[in-house]
Number of protein chains: 4
Amino acid sequence: MDFELKALTEPGNKMVELAEKHAAGFALTAAKYDRNATFPIENIEAFKKSGFAAGAVPEEFGGLGVASIHDCVVAMNRLGRGEGCTALAFNMHLFRTFTATRTLHSAVASGNTARQARSEDLLRKVGAGELIISVANSERGADIRTSRTLATKVDGGWLFNGSKTFATGSPAADVLAVRARYQNEAGEQRMGAATVPVDRPGVEIMYNWEGLGMRGSGSHDVVFTDYFVSDEEFDDIGEYGKFNAPTLAVASGSSLGLSSIFLGIAETAHQIAVEAIKERDGGPHYPMNQVSAAESEVDLAASRAILARSALFLDDYYQTDRKQPQGAIDTSPEASFKLLKNSAATKKFVMETAAKIVDRSLTLYGGGAYVGSNTLARLYRDVRAGQFMQPWASNQATELIGKVTLGVDPNEE
Amino acid sequence: MDFELKALTEPGNKMVELAEKHAAGFALTAAKYDRNATFPIENIEAFKKSGFAAGAVPEEFGGLGVASIHDCVVAMNRLGRGEGCTALAFNMHLFRTFTATRTLHSAVASGNTARQARSEDLLRKVGAGELIISVANSERGADIRTSRTLATKVDGGWLFNGSKTFATGSPAADVLAVRARYQNEAGEQRMGAATVPVDRPGVEIMYNWEGLGMRGSGSHDVVFTDYFVSDEEFDDIGEYGKFNAPTLAVASGSSLGLSSIFLGIAETAHQIAVEAIKERDGGPHYPMNQVSAAESEVDLAASRAILARSALFLDDYYQTDRKQPQGAIDTSPEASFKLLKNSAATKKFVMETAAKIVDRSLTLYGGGAYVGSNTLARLYRDVRAGQFMQPWASNQATELIGKVTLGVDPNEE
Amino acid sequence: MDFELKALTEPGNKMVELAEKHAAGFALTAAKYDRNATFPIENIEAFKKSGFAAGAVPEEFGGLGVASIHDCVVAMNRLGRGEGCTALAFNMHLFRTFTATRTLHSAVASGNTARQARSEDLLRKVGAGELIISVANSERGADIRTSRTLATKVDGGWLFNGSKTFATGSPAADVLAVRARYQNEAGEQRMGAATVPVDRPGVEIMYNWEGLGMRGSGSHDVVFTDYFVSDEEFDDIGEYGKFNAPTLAVASGSSLGLSSIFLGIAETAHQIAVEAIKERDGGPHYPMNQVSAAESEVDLAASRAILARSALFLDDYYQTDRKQPQGAIDTSPEASFKLLKNSAATKKFVMETAAKIVDRSLTLYGGGAYVGSNTLARLYRDVRAGQFMQPWASNQATELIGKVTLGVDPNEE
Amino acid sequence: MDFELKALTEPGNKMVELAEKHAAGFALTAAKYDRNATFPIENIEAFKKSGFAAGAVPEEFGGLGVASIHDCVVAMNRLGRGEGCTALAFNMHLFRTFTATRTLHSAVASGNTARQARSEDLLRKVGAGELIISVANSERGADIRTSRTLATKVDGGWLFNGSKTFATGSPAADVLAVRARYQNEAGEQRMGAATVPVDRPGVEIMYNWEGLGMRGSGSHDVVFTDYFVSDEEFDDIGEYGKFNAPTLAVASGSSLGLSSIFLGIAETAHQIAVEAIKERDGGPHYPMNQVSAAESEVDLAASRAILARSALFLDDYYQTDRKQPQGAIDTSPEASFKLLKNSAATKKFVMETAAKIVDRSLTLYGGGAYVGSNTLARLYRDVRAGQFMQPWASNQATELIGKVTLGVDPNEE
């Protein structure tokens, strides 16, 4: 009866149901993890046990078999309503397992048996609740085109050296997705990537995250020192210093998942404020309260709509229902940039609007929302994270969308 | 590859295709009708000929058989892109024929043969391209709850006396949908409604519309003087002075159709500006142009999304695919107000955002857009109409949404 | 008792009083000139007769002796309240006479007797109500750094060839201020300027202005064909293709005067809406009306404040009270760009906010405001002009302000 | 050379200079007090020593003799730039001493020797750096019209019972300004007020403030239990449950002082971001950075302007330069509500705009601003307090301004 996000597939429904159960529990301990700035490892443990961690893993590998990006986005929304930090950490994991399934299909189609085996292994482990993936890609002074982390060729592999930041969920990670600059045999600067175990020598999680918000997200620095990555684990992902649109496009689902978490935060803030006003004498009849409530309802409706539509578009694009090989998809830079434009527009709208809704919820609730222990005060700090997240931070999204709209290649100098 | 609205049913696709053809032609004469403030009757004639006028009429009555509100909304979007005035006039007609089909189903289910005959007659005429419906409901000093037009009981029917305003499309109308206050036998003030021919004595179209914009919409005053409406034509639609939510809910599709026209206007404005910038030396590379273009792309994405989602929700609510009797639908005031809240939120968002996009398109285009003969100058005037339209003008939408959200009955004093 | 702009000097008070009288009369004929798109020459005649046209001319030359930019800005505000088109035309004249006084002081101080004589002549004529100055600087495809109009050296002077646009007030002009590109003896591209009579061969006013709004402003194209400008009339104003900050800075007062006109338009729109609401049953008590009225009051307060402060800053900068030679003023590019940043910020804020206020006034007033003959409908069209005006259109203002703030030279490639 | 607030009187200049010195020091310890949520008593001690605490005390009583509200507002701006919590606490004190001077003049004029003696005593103590005033007016579930704290008549005075909240600066207070409901001899509910010592039995500061921001402001609850206030200390301030406009009007200066603190916070945030961008390779040339910087510059200009204009208006209203008795001032409810409208509009604009500027500064700075130890992260939390502060929280300001504008008495039911 309203604009709420809802799963559209059977496995999606199960996943969303699980998300709601988990979220209800996480909400109760969120304040504690926020206060102590510690990561709720127990929440990730719960995901492993319940099978939620294997939501996007095909059933044949032990997962729930959710093949719809849209439904994954809905599940992230429900997590976000309860507690944002676990959701942030899990989002990376979820969409990486998604990608692994796509990689598997593509490997099968192209007969790349090594890659097939690697993907199957990863999916099987995730399916068994044995493996959690985190991402350690951000770096100070770098953006999504660049990296100061260096991969140097050695016998049978590469040595990684460098320092990553905002490695959300790293305390619970079994493996880390990581990028590094390297030089190929032709002497060109390229960007490489690998997903590697944390229990190997040469990697240190710094446990130094103290954020304005999302304090329980474990977004620590991670330092790699002569960390060995084998040739099999190492992938080239494109020219260094450029937006590698096809590679980035793959992460569009993850970007929507992130946005969905922040929509969940905004929904909770709005609900808290509305419920509080309903309890107060004269609260629902005070016209200024009606105005604030109405403005947030409109903002929520638009945010939910753009998010759902964008996610369904991705499902359509990747033909998730057909389970066809990736080769059938238009992965040209041009098509990829258009896809990125759409997800960037969605993320920008949802992240900025979510922040507005939370801010307005504080106004609606009144001065009590400014007391530190009030949940709204926490959500006000948490929601501000969304606009910074890569890809695409708000200002960069504007640039990308503007350029693609006006026919300018974002990689043009 | 973007957020564009697209039909989802086969008949819908045909209707949208027709809309696009019509719109291309209408765009060429739009400036003339705007300058002269005359209604493009030829456009409505074209609708009758092409069968577009019977878009929402079931095939058995000679129509295209579009049963999806969503797809009708898409068709209106395409009309709006070409020319807004004809679209405005047609929207009323379209959703009235829609309602007629629903009324027919409900009459069949309840065994109301008189109403069944009346509905079939109307649908058959529309299906044959013989009948165009306009609406003459607005009045100065009245809102959707009230009417200064009075229906007085006489033998076998009612005499209508009063003056209507903003009767868009009236120059092409064969029948007019009109509301009037009346007193029932219990002495209660009620609201009545009828759809009546214009070729009957006692009705005069004043041909006095000279608007800021939408100058070709024929939104004239219509005066009723002792106009006779038979008992068979007359329907009670609820308590006078109240929001009759179930009745209003029926008009939700029409409200989305209106919004979709203005989205089309915004899309055209944006496209004109973007194409102009692309033609200019340095235009696409000027960062401020990129910013303006990006902001409108985001606004368009959100507007399209909320509109599509809202329309699909109505399809779901009215089970348009099942073609079931209306009895299966929750038509309680509470459910109806929630439905109205959603369409009011959608209309408010789309109408306000469309105006913003057109305004920004003028900025993007530059000073030349301020020359009166520039299409953007016309669109700037046209787009402002949207926020005034009932139900719900922007401020009233805020009030309605706020009250429903906070659990206050909008009919409460 | 509120934030209204008020003159601060005695001559300023007289000028503002005159402005109010004139404005009251102009308001009555504004609709006519708008409808016919003709320039109200009678209004300019009235200015000549009343002495208002000589407002900024020193008393010794027959003027009112207003030496305060702030007070001139206040006078323009009052004109704008009554009718915008005459005000737009007059603003150019007013600030040009202002500049003439400054030029005179500077010529006296530096012993430039030719320039002294020229300035005295102009001031004397304006003081006698014999001379009205218009500006013909805008060109299609050019901005304030460039000009397609060419000045070619001939014996004793220059031949001007080119086409100007938006020459507001040209129907009433005795002389036109005009810019042209020329090549100096060193072969460098430079920008030249002159203020020249319209009754000389080679200049044609095209009488082709048909705007979205400001239809009575006579903003016609003006074509120069081998128009002769003598060496004495011709001034170099800086490097071609660059923002010549010191030259532009001189026009800051004019930019504030323009802004003040649009503030006046917004004030009138707000007043019309508020008065209308006060007349309606229940109007003042409807909370949504209170919200709209309050938002405009806040916007008006901020607009008035930034405008007054910015104007007082200019008075301070140009030491208008001390009547000192211009030499004492910091006219470095750096200082000039900072000054430009401030007036650009003021213009941007006031022009955008004025448009918002007028738009909101239509909402407050309701659907009747959309009828073409309603004054609000005209103001809605008129107010949109402000953001286009040079210097600085809204987007260019953003660029300029951003660059100066971050220490980037706006003339840097 | 920009829109910066500047003192306009000689004593004001001295006070602002002192404010800048203090602020420079306070900035260094602000993070510590924020972390520990403790009040910086040492800062208040520094005020006592430097004479800053006696800024608004006439020279004859040992103060700096600042008689201009405008200049006090400028001084608060400078404090706000360095550290907001001390500034918040001090603002209450400053404007209370201001009021004491006005009360003194009025007492002298009316021959009220008791009140004269009380005022002189207070001013002398403040002048000697012996007395700091805090305010304990806010209460849960009450607004500026109401109070749950009760004053019960006893012999020679009143017993106060009740609990106050947000008593900013209470840890450093020597006396507390406090309001309570009481019943007069005619049985009417009235509002009473007193300024009473904290070292008297029956008052307890709860040391329980843990805010989202402004954590060092000592905004604790204060509980009064049978606290005795003598008849001499007790003042009637108007009808209970009503906006007592004349009484509230007196606090307008304080409201502007508060706003000025938050402007200072916004200025600092903007400066931090701009300086950071200037340091980064390519930072100043990135167009999106220019856009963000420009938008904040415009917002700052408007905020400074409205604040200065509003403060100067108060100086004019209260004739601070003439030092005339208050009797000459129009203290009618009507005049007072207009005055309140203006200060409410100013506060609303400045508080909301300051929050926008800080938010945009985080965007400009980038992800590093989200690290908890970054000053911007603290300012983001601090600046949100402004919109809650009474009078007038943002929503209530809208209501008040709207009603006064439309001629509705805010006290009307």
Side-chain angles (χ1 to χ4, degrees), chain A residues 35 37 138-141 143 165-166 208-215 219 221 280-281 286-292 352 355-356 358-360 362-374 376-382 384-390 393-400 402, chain D residues 35 37 138-141 143 165-166 208-215 219 221 280-281 286-292 352 355-356 358-360 362-374 376-382 384-390 393-400 402:
Chain A
R35 205 164 40 241
S138 296
E139 297 184 24
R140 262 176 279 278
D143 67 14
T165 190
F166 298 129
N208 60 347
W209 174 243
E210 283 269 0
L212 163 61
M214 291 295 181
R215 290 168 53 79
S219 301
D221 290 350
R280 290 185 207 157
D281 267 8
Y286 183 50
M288 303 304 138
N289 287 346
Q290 293 172 7
V291 172
S292 292
E352 291 178 2
K356 262 196 264 179
V358 174
D359 185 80
R360 198 185 290 114
L362 269 71
T363 297
L364 181 54
Y365 189 96
Y370 198 70
V371 172
S373 58
N374 189 299
L376 288 172
R378 171 163 56 84
L379 299 182
Y380 177 74
R381 292 184 284 104
D382 285 352
R384 189 60 182 81
Q387 296 169 66
F388 290 117
M389 291 185 170
Q390 293 284 5
S394 276
N395 273 352
Q396 291 165 318
T398 301
E399 185 189 5
L400 176 87
Chain D
R35 205 164 39 244
S138 297
E139 296 183 25
R140 261 176 281 277
D143 67 13
T165 191
F166 299 131
N208 60 346
W209 174 244
E210 283 269 1
L212 164 60
M214 291 294 182
R215 292 169 53 79
S219 302
D221 288 352
R280 288 186 207 156
D281 268 7
Y286 183 51
M288 303 304 137
N289 287 346
Q290 294 171 8
V291 172
S292 292
E352 291 178 3
K356 262 197 262 179
V358 173
D359 185 79
R360 197 187 289 115
L362 269 71
T363 297
L364 181 55
Y365 189 96
Y370 199 71
V371 172
S373 58
N374 189 299
L376 288 172
R378 172 163 54 84
L379 299 182
Y380 177 73
R381 292 184 284 104
D382 285 353
R384 190 61 182 81
Q387 296 168 69
F388 289 118
M389 291 185 171
Q390 295 282 7
S394 275
N395 274 354
Q396 292 164 317
T398 300
E399 185 189 5
L400 176 86

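Each chain gets a letter, A, B and so on, in the order its sequence line appears, and its residues count up from 1. The structure displayed is predicted, hence computed values, not measured ones.
Between A/Y380 and D/Y380, the two ring planes are parallel [angle under 30°; tilted spans 30° to 60°].
Around the CZ atom of A/R140, the shell of radius 6.0 Å holds no more than 12 heavy atoms that belong to other residues, nucleotides or ligands.
With chain D as the partner, the residue from A/A393, A/G213, A/G141 showing the most heavy-atom pairs under 4.5 Å is A/G213. With chain D as partner, the option from A/P287, A/G211, A/S292, A/A369 having the largest number of non-hydrogen pairs under 4.5 angstrom is A/G211. With respect to chain D, the highest number of heavy-atom pairs below 4.5 Å among A/R378, A/Q387, A/E210 belongs to A/E210. Note on A/M288, A/R384, A/R280: by heavy-atom pairs under 4.5 Å with chain D, the leading option is A/R384.
For chain A, the nearby parts of D/A385 are the backbone and the side chain; heavy atoms of each come within less than 4.5 Å. With a threshold of 4.5 angstrom between heavy atoms, A/D359 approaches chain D through its backbone and through its side chain. D/L362 touches chain A through backbone and side chain together, each having a heavy atom under 4.5 Å away. When heavy atoms are compared at a cutoff of 4.5 Å, A/M214 approaches chain D by way of both its backbone and its side chain. With a 4.5 Å cut-off on non-hydrogen atoms, A/T165 does not touch chain D at all. Using a 4.5 Å cut-off between heavy atoms, D/E399 touches chain A through backbone and side chain atoms alike. Looking at D/Q390, neither its backbone nor its side chain comes within 4.5 Å of chain A, counting heavy atoms on both sides.
Interatomic distance, A/Y370 OH to D/M389 CE, rounded to the nearest 0.5 Å: 7.0 Å.
Minimum interatomic distance between D/N395 and A/Y286 (heavy atoms only, all atoms of both residues): O-OH, 3.9 Å.
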